[in-house]
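Per chain, numbering begins at 1; letters A, B, ... match sequence-line order.
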Amino acid sequence: MELDRRQFITAAGGTGIAGLAGCSDGPSDDGTETGDGSTGGNASATTNVGIVYATGGLGDGSFNDQAEQGLQQAESEFDLQTNSLQPQEASEFGNLQQRFASSADPEYDLVSCIGFLQADVLGETATQYPDQQFQIVDNVPTNDDGEQYDNVASYTFKEHEGSYLAGTMAGLLTLESVSIGSGSTQSDSTNLGFVGGVESSLIQKFEAGFVAGANAVSADIDVQTNYTGDFDDPSAGREAAASMYSSGSDIVFHAAGNTGTGVFQAAQDAGKFVIGVDRDQSVTKSSYADVILASMVKRVDTAVYSAVEAAVNGSFEGGAETTLGLQSDGVELVDGQQLGSELPESVTSEVASTRQSIIDGEIDVPSDPSNA
Amino acid sequence: MDRAVHLDGITKRFADVVANDDVTLEVEQGSVHALLGENGAGKTTLMNVLYGLYEPTDGRVVVDGAERTFGSPADAIEAGIGMIHQHFMLVDPMTVTENITLGNEPRKWGGLAVDRRTARQEVRALSDRYGFAVDPEATLTSVSVGVQQRVEILKALYRGADTLILDEPTAVLTPQEVDELFTVFEELTDAGKTIIFITHKLGEAMRAADEITVLRDGEGVATVAASETTRESLAELMVGREVLIETADRPHEPGAETLRVEGISVTDDRGVTAVDDVSFSVREGEIFGIAGVDGNGQSELVEAITGLREPTAGRIDFEGEDVATWSRRDRIDAGMAYVPEDRQERGVVMSFDLVESGILGSHHDEQFTANGRIDWETAREHASEIVETYDVRPPDTDTKSAALSGGNQQKFIVGREFERDPSLFVAAHPTRGVDIGSTEFIHERLLDLRDDGDGVLLVSSKLDEVQLLADRLAVMHDGELMAVVDPDDVTEEELGLVMTGEEPPRRLDSQRVDGGGS
Amino acid sequence: MTLRDRIERGLARLVAASTAERFAISLAALFASILVGTVLILAAGRITGCSTATFVLTHPTPFGLSRLFEVGFCYNPVTVYDRLFLGALGDPLSSGWDPFGRQMALTLRETTVLLFAGLGVAVAFRAGIFNIGAQGQLVVGSLASVLAVLQVAPLVGGVLGTAVSLSVGLAAGALAGGLYAAIPGVLKSYVDANEVITTIMLNFIATGVVGYLVLNHVKDPESFATQTRTIPDHANVPTILFEPTANFSVLALGVGVLLVGGVYYLLAHTAFGYDLRTSGLQPEAAEYGGVNSKRTIVASFGLSGALAGIGGAVYALMILGKFQTGVPSYGFDGITVSILAGNNPLGVGFAAFLFGVLKSGAGVVNFATDVPPQLVDTLRGLIILFVAMPEFFRLLGGRMKGVTRRVNRDESGGETDG
Amino acid sequence: MGERLAAVRQRVAPSGRAQTAALIGGVAALALVIVGGTLFPETILGVLLSTLVREPTAESALRLAVPITLAALGGIFAEKSGVINIGLEGLLIISAFVAVWMTDVTGNLLVGFAFGVVASTLLTLLFAVVCIEFRADQIIAGLAIWLIALGLAPFMSQVIYGGPNTESVGTVPTLTKLFGFLPPAGTLPQRLVAPTIGVGPIDALSGVLASVLTRPPLYLADVLLDASLSVYLMGLMVLLSWLVLYRTRFGRWVRASGENPKALDTAGVSVSRVRYQAVLLSGVLAGMGGSALALSIGQFTGNGPTMVNGKGFIAIVTYLFGNYNPVGAFLSSLLFAGLDAMQVGLQTAGTGIPSSLVRVIPFVMVIIVLALVGRTRIPGAAGEHYESGEDR
């Protein structure tokens, strides 16, 4: 493919240059001079993008992988040079952000920070490197006066909206007796489950939307919740979901990163259904496609892609928050690859109409489970 | 007769220490041969060479007429040699059978599993053949030390040993058990087995052995027939000079009671009662001796008195106050000195130098410590004083305690405790593992202390030591104090009987336990 | 015999080695692990894929000989180590080196926290206690210090406020860490519960309980993250020499260095230190010497936890300015620091710096090369492995001098020969 | 060492009194839950009771117990032989990663599983050489093994998969999935119904009897049908470990080597050989645990403490609890895993207790039980280096 070859050549050349630079003038990239995006002396039109992923790293099959996908898409379309860092702990965020910001060779045109935990330190970094363009996903850093930073573009999602649809679908299905793929639901059970990773306001948005969606279908529906305390503990996810399935839940929705892998496993074991998160997990976790009804896709890739695109085009706009909801296709409920076509027509159409209602503002979706 | 073992010109060198220097040993088949010498004379090293634990630096090992090179005990076992170490090589949680067959287990199911039935039968048969009366099913911890020793012997026999080496076999036995052991020796030699036993006790060598080889400073001094020698000449061979067997009995004036123990009961680590309702007292200017076979509650009693173990009942009056619940430190401060039974575990900190070990127990004392800060200069002087006064070698306070020989460690501890200027001196086995010279020295110091009017509580498993030093003597058996007597009034045999728990002869009852009678 | 006896016997052996030898062994361990690390980098560099080799292994071809072999690797070990060590120190070799630069600050701030954690673990080790719970104590101390500062800081302002809230913060951290550590101490002393087990459990419990407290009681309502409010600016640890945003204060390092001296003095020159060391080396002898072993265990645990707690306080107050769940594993790193230092407080200083360099250098490696930063974790493990076997280096040294092993064995056999 | 004779060494016998106390405490707590839960089903006790008796709790407990038990068995062999293997956590980590990696490469679960075991065994070999040959301090070397694996597994994952998490591969099947002729789990009746003969009281009685008699076996059958092969492997290994330890020569030698290596040495058996074998065996068993853990999910996640997340350390706790007996270790692993499963159940059932607090319940319980039981007797020579010919 044409694009691929170009990408390969760029990457190869880039690596060579980086290697050479490393040898000739030694480590000079540790200067304390602040980077200056506007006077960047790059002769080529190459745009440099640095990305700091959330802890949990790549291969989580959801959040980080989705961000990577956006970057890869941008790479295939623009003349990009990227460097990605996967911190092992949250305390590394600041350091890694600053590394990108302070780097003079190359100078980064955009530093993309993935995950809400990066917000606080990003505030500091952004103040310190006012000429560096930053992007953050899932949070809006503000200073003490509640103002956003001029050089930070924030992208947030209305996860509760997408989750509401997940709740709608799950609620409808659990009231019926459906048997598709390797799973089935029993009409006599009115239980659903939600497995969260680390208990936090962000994940609670998923929970709130899901519960509200399900309860809108029928007030009788009961949603069991469990926070495993970890985004990368599949065993815990499995036990949590297994416990839900065995106590009558037909469908479990997870917002737990890699912990979700265990949820899928439990669904397969129990012959029940699951709704994925962040990406179309019936694709990324294809071995579980036979139980994944749908996935609440959060277009982190869109967020990353559009920020990169803006940086390439010189149209980067800091100090603003972009909220991606159902309306802007920032979140969506994507039917499973394998099961989607087998979903009852009544369910899919109901979900579609609910979606429209939310977009039209007819349904107000709560973002906090305590007042759901 | 044939020679079962011939060690020819054995030399064993450890780095710069020569443990055996050109030693020759010839043992007749079917005889009992004693290897006699002081501690450190090289007896054990020589036997470890024969047993394949050490490779000799020089010399030949000939067994049953064939020269052998033992790379490991397995080779020696294969050549028919068995060794019963002073510290038994037994596995506590296992049964007698398991211990005896260890390494040679009979197997079944194509070698997959141990044939436990056959093992049991074989052990029982072996035990019966020599009249050992050992229960093959008993766990090791449940049998007496004497039986454990027989298990060791059976273990060697089970492996087809023809020559048995026993290292200090009588050290842990009561006199009666010693008798039984020597009977076992006879049974074994009657069956054609050869026995070599290591000892530093003249009497035993004379009693049990056919021939005696004396070792001194790593050299073989002489081999004599037991029937053709005397105690005195053996002693001279051992020590290299004439030995005064007796210490002159010095007159003393006992004063008021310094320690009074009343109805004290103590449990051991397992929660089993080790001391059961014991009462006695120690007076100023008196050495009160407690004799007994190890493990009859003496350790627990001493630990209760010195504050290392809380008694479950009873009073301990020291200088008029009940100290039973006092902490160890308070008792030290009150003037109780204590030479512990296990010097390497308790008496010194092995990796401390002598300066540091020298203030153990008084490191909170204002003599060395002000406002929590230790004055190391004073401590150094103190250590030098002990080293000098008590002839500790090497006389270097920077030496680590571990680098001192056992005897010197003991002298250092005894010195440190004497220097506390105590009003009660508790000495548990103060001369165990100590050479004759140091033993004399420590005995002298104990007598000095008594003469100065201090109370001394002496606990020892050496009957002769207690008899020699004590002014009054008690025997402990199975947690009880059997009798308090004047040591001059009883014979060793009578005491030995009491030590085994036999009812004491009526004569022993004549004095009251608290010593009020004399 | 308890597990503790075994551990301390091993530790005693480590402590017994002379200081010089220890230093040599630590250095040798470092080099040996770098060597193994190189092999690892090269092997990994063959497994992974890349478009151009960054490192080519071949031989010179002086006489126009054809190359016999030429192997390309995706990772260049030279670059990795260059970045790891020089990167962490901020390139002292380059002309524009700023010793007070950001990277140096990062290195030193890691060093500072590790110093406290390492000291804490070392104190416990010296008392014969294996405090695996430093992590939990650090977490608890960390939260306590932030809560205390949040209470106190608004009351007093200015320079005085800084001084007051910092002292209160450190004290609260020490107190909370110490009390939390006293739990396994009491359990060990009075019900004979193995401290290895209890401290591991208490680490999990600390994380859970602290997470609960923050989430349900003291959470910053503004933040998505599970964290407390940020402490007021004037309560921050003042930065001297380094730029304020580096989140490093020489003051904190100074406190650390003072404590190194303090702990050294305590161990070597006080009666309590004597109690502690004696219990650590030979508990039976300590008991004999009038040391109240139960109380010493609790006190040592408390002191150990207090030091770890201060580490947590410094982490929260100096680096984060708040408490956030997911505290890095300084406590476990403290164990490795202490082991590398042979549990010697002075050695802890050096070891903490080395691990500080490794930690901060890992970030540089992550940034500047494609080599996964987890390499540094592996190196850390290797260093500890090599430190654990001084015999290996003695043997290596011995081989060179032509001394055979057999003699060594005999020597140890001869000492206690009766 | 010292003057004390090995034969009269003070020892803490497996403390019967304390264990009885713990047992009574446990039974009392259980009784409270059962009575309280039955009487007041709406309270926490009721939730506890219903969680306790549910099959999924048992299934979950068995699943969670697999890596812990297998690692604990490994720990027993090593420590019984005198080598304290505190690096079990590391062995679980390395085998978990390699099992997934190799399953991914070969596409065969069995091969992947085997490679996981091999990886763990190799790492153990390093540990064994370091401890036995170079007389390293076992505790420190064990920690090093943990740290090495903790770095190496995510490192390799980064190298191969570009992130700390691997791809998803297949998982170990359950018995019913493997053997189609078996009835699928959950299809068994709750209880067999006794035939009625028309006499009221007798029918009632026989109904109760049938229920009491048939419910437990059916419950067990259901749980076992739903269990993965790993659970069976665990059971097999518990049995085998017990047999090896208490019925074979090797087992005796292992025990002797840990209690009194000199006794074994003087009996003509090489202590270091026995220790090598025992330690390597611990690597094999822990490797099974790690492979089983990773292949129950089909993925290795390597961030932070990795997916093993302290299970190796819990394993040490369980075998100390189980007094070094394989069956005891299994039971205490099951106890811990059961607590963990209960914890999940409680959270899901919505007791209102914050989840972060519910999660610490198993850890608190371990401390409480430990406080009641007190210390266990560790093998006499565990942790000590032994060199033949060393006269101590």
Side-chain angles (χ1 to χ4, degrees), chain C residues 1-3 5-7 9-11 13-14 40 44 47-48 130 132 187 191-194 196-198 200-202 204-205 207-209 211-212 215-216 329 335-336 339 372 374-392 395 409-410 412-414 416-418, chain D residues 11 84 86 90 126 130-131 133-141 143-160 164 302 304-305 310 313-314 316-317 320 354 356-357 359-360 362-364 366-367 370-372 374-376 378 380 382-384 387 389-392:
Chain C
M1 286 278 200
T2 62
L3 184 61
D5 296 346
R6 309 293 163 203
I7 294 164
R9 201 161 287 169
L11 291 172
R13 206 162 63 223
L14 275 185
L40 199 62
I47 293 174
T48 193
F130 202 0
I132 302 187
L187 285 171
V191 295
D192 212 358
N194 186 318
V196 174
I197 301 176
T198 53
I200 290 174
M201 295 299 121
L202 284 166
F204 288 112
I205 294 172
T207 310
V209 172
Y212 158 76
L215 196 65
N216 296 318
S329 60
I335 298 175
T336 58
I339 288 174
Q374 282 89 350
L375 169 75
V376 179
D377 298 332
T378 315
L379 284 181
R380 189 181 58 170
L382 285 169
I383 293 174
I384 298 303
L385 186 73
F386 283 114
V387 167
M389 46 175 189
E391 206 62 23
F392 174 73
L395 202 69
R409 288 191 192 179
D410 283 353
S412 60
T416 51
D417 178 52
Chain D
R11 53 195 295 269
I84 300 174
I86 213 170
L126 174 70
V130 161
C131 285
E133 209 64 32
F134 295 115
R135 309 199 217 173
D137 183 275
Q138 294 167 5
I139 301 287
I140 298 179
L143 274 175
I145 291 298
W146 168 46
L147 291 172
I148 289 173
L150 190 60
L152 198 56
F155 174 81
M156 292 301 289
S157 178
Q158 286 274 11
V159 167
I160 295 156
F313 293 111
I314 304 282
I316 296 174
V317 174
L320 287 178
S356 34
L357 282 187
R359 276 199 300 273
V360 305
F363 308 113
V364 175
V366 166
I367 293 187
L370 192 67
L372 288 176
R375 68 175 160 184
T376 38
I378 87 164
E384 281 172 7
E387 189 124 7
E390 206 175 8
D391 188 22
R392 278 167 196 266

Full working for side chain to side chain contact (heavy atoms under 4.5 Å, CB included) between D:Ile160 and C:Thr48: CA-CA 6 Å; D:Ile160 295 156; C:Thr48 193; over 6 Å; no

Gap separating the CD1 atom of C:Ile384 from the CD1 atom of D:Ile145, nearest 0.5 angstrom: 12.0 Å

Could you look at [X] and say if it's the side chain, the backbone, both or neither that has a heavy atom under 4.5 Å from chain D?
X        : answer
C:Ile205 : both
C:Leu379 : neither
C:Thr207 : neither
C:Ile200 : side chain

Pick from C:Ile132, C:Leu40, C:Ile383 with the largest number of heavy-atom pairs that fall under 4.5 Å of chain D: C:Leu40

Could you pull out every donor-acceptor pair under 3.5 Å between side chains of residues 146-159 of chain D and any protein atom, sequence neighbours left out?
from: D:Ser157; atom 1: OG; to: D:Gly163; atom 2: O; distance (Å): 2.7
from: D:Ser157; atom 1: OG; to: D:Pro164; atom 2: O; distance (Å): 3.2
from: D:Gln158; atom 1: OE1; to: A:Gln86; atom 2: NE2; distance (Å): 3.2

For [X] and [Y], which heavy atoms make the closest approach, and how far apart are they?
X        : Y        : result
D:Ala141 : C:Ala388 : N-CB, 3.9 Å
D:Ser356 : C:Gly208 : CB-O, 3.6 Å
C:Gly381 : D:Ala144 : O-CB, 3.5 Å
D:Ala371 : C:Leu187 : CB-CD2, 4.1 Å

Residue pair D:Leu126 / C:Leu385, side-chain heavy-atom distance below 4.5 Å: yes

Residue pair D:Leu143 / C:Ile335, side-chain heavy-atom distance below 4.5 Å: yes

Parallel, tilted or perpendicular: rings of C:Phe392 and D:Phe134 (30°, 60°): perpendicular

Contacts of type side-chain hydrogen bond (donor to acceptor under 3.5 Å, both in side chains), residue C:Arg380, not counting sequence neighbours: C:Asp333

Contact class of D:Val366 relative to chain C, heavy atoms under 4.5 angstrom: side chain

Full working for side chain to side chain contact (heavy atoms under 4.5 Å, CB included) between C:Met201 and D:Ile314: CA-CA 8 Å; C:Met201 295 299 121; D:Ile314 304 282; 3.5 Å; yes

